[in-house]
*Asks:* 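My questions will all concern the structure given below.
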Amino acid sequence: MADKSLLTYDWSGSILDGTGLANDALTELADRLNAARDEVVKVDVPLFDSGGEVPSEKQPLDAGFVEMPTKISDEHKASDDKSELGRILASAEKLRSLVDKVVVLGIGGSYMGARAMMDACRHPYHNELDRDARHGVPRMYFEGNNVDSDAAAALLDILGDGDDWGIVVISKSGGTMETAASFRVFLDALSKCCGGDAKKIAERVIPVTGKSGKLFELATAIGCEDIYEVPDGVGGRFSVLSPVGLVPAAILGLDIEQLLAGASDMNEHFRNAAVGSNAVLDYVGVCHLLEDRRMVNLRVLSVWSKALESLGLWYDQLLAESIGKQERGATPLTVVNTRDLHSRAQQHQEGSRDKLMTNIIVKEMRRDPLAIPESDNNQDKLNTVAGKTLQDIMSAAIAGANQAYLDDKRPTADIHIDRLDEYNLGQLFQLFMLATVVEGRLIDINPYGQPGVEAYKKHMFKHLGLA
Ligand code: PA5
């Protein structure tokens, strides 16, 4: 097992005269940050645990995500196969033995975390490898996150007409149109592939949903043996470390204990570290202060690894749906560098001064870095850097971009992780979820729920004759 250390957050690039923050800005905000933290750990969680009376302005109170990783892990350590995680691992193993392709159907918080885990922790071309190279882990595809007929039809082409594929259908409410419509289409196809054999179909479908609702009833009617629950008190975009993310993660063969350990360790750090050395509180403080004092309301998450793009998209949803309310809330934007230095950097360097660049920087590559070879054909003049690795160029680009922003007094901050693995990913998930809730408490916006999403649904249902 590789060394485990906590990620670090460095905001020195935001300490700028005139356009950024002062050295002691966070100290001035410390009392309010601590009060917001107390609300999250001392108010939200006990209220959730005891099922106590939740004041109307705090509803829905979906703080269950805070303690969930520790609870799931402790339960697994205590009861092994009988625990929820033990059952998830067994279901995953069974599905892996039956199929070679899995379609995860879900939208928003019901799929983005799983996608982020696959992209960050599996081979970047996982689905293109043969089964041996995948170590028996099925190919995984994501659908039901749209109603794009061509895309769904194309995936059905890939799945073919054999019975070597299965479905994980995830919907907390059980009634989301995109997921429900896709489930019907894919279930129909699966049923044909299984020659209508009810047992075979049921074995190939794993639903993750609320305790009751349309999907729960449908899954029961199909005869699914293992139906996993999205726990009460855990909102969709906060559910990545519940069965919503853990079922796909288990099918992908990820190290779930490490994922949960990363999240638990981040909880511990969040609870105990003081402002100034608390990654969650410092991250919130810097983002908030720049927005409040400098009108910096565009949060650019700049990931310096292709494998983190889906994590960035997961975070875009988390921040946008949680804080984008009451005509307020910063706008998230993920960029993948160095790719987007050639698309967005012009604007970030010289456009409006409304952006904070938060870099996520990965220290160690998974594989030996590729070096630039010497060549007799030196027309590209690269022999001067021969022997340097692509990672050396990446490091130079990170330093160069940060320096360029600093020279023009544009704020940056850095999150450093050691490597891309489950432990570090668990930390990142929990850091961002906690930060989002703390920010909500700091600015009096309830981070849970997404009432604004209902507006389009109402009209869509009318157009479909459903309302
Ligand atoms: O964060 C949220 O709650 C939403 O993004 C939901 O995850 C999304 O709307 C899907 O909902 P459901 O899981 O009920 O199908």
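For the single chain, residues carry numbers from 1 onward in sequence order. We count ligands from 1, going down the list as the structure has it; atoms in each ligand are counted the same way. Keep in mind that this is a model prediction, so the values were computed, not measured.
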*Asks:* So, are Asp163 and Lys200 salt-bridged, with charged N and O less than 4.0 Å apart?
*Replies:*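 Yes, charged N to carboxylate O under 4.0 Å.
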
*Asks:* Could you pull out every protein residue that has a heavy atom closer than 4.0 Å to ligand 1, ordered by chain and then number?
*Replies:*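 Heavy-atom contacts below 4.0 Å: Ile107, Gly108, Gly109, Ser110, Ser171, Lys172, Ser173, Thr176, Gly236, Arg237, Gln317, Glu321, Gln450.
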
*Asks:* Taking the six-membered ring for Trp, are Tyr283 and Trp11 ring centroids under 6.0 Å apart?
*Replies:*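 No: the rings miss the under 6.0 Å criterion.
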
*Asks:* Give a yes or no on whether a salt bridge exists between Glu75 and Lys82, defined as a side-chain N under 4.0 angstrom from a carboxylate O.
*Replies:*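 Lys82 and Glu75: not salt-bridged.
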
*Asks:* Do NZ/NE/NH1/NH2 and the carboxylate oxygens of Lys101 and Glu143 come within less than 4.0 Å?
*Replies:*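 No, no charged N to carboxylate O under 4.0 Å.
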
*Asks:* Among side-chain atoms of Ser343 and Asp340, is any donor-acceptor pair under 3.5 angstrom?
*Replies:*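 Side-chain D/A pair, Ser343 to Asp340: present.
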
*Asks:* Should the pair Asp197-Lys199 be classified as a salt bridge under the 4.0 Å nitrogen-to-oxygen rule?
*Replies:*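 No, no charged N to carboxylate O under 4.0 Å.
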
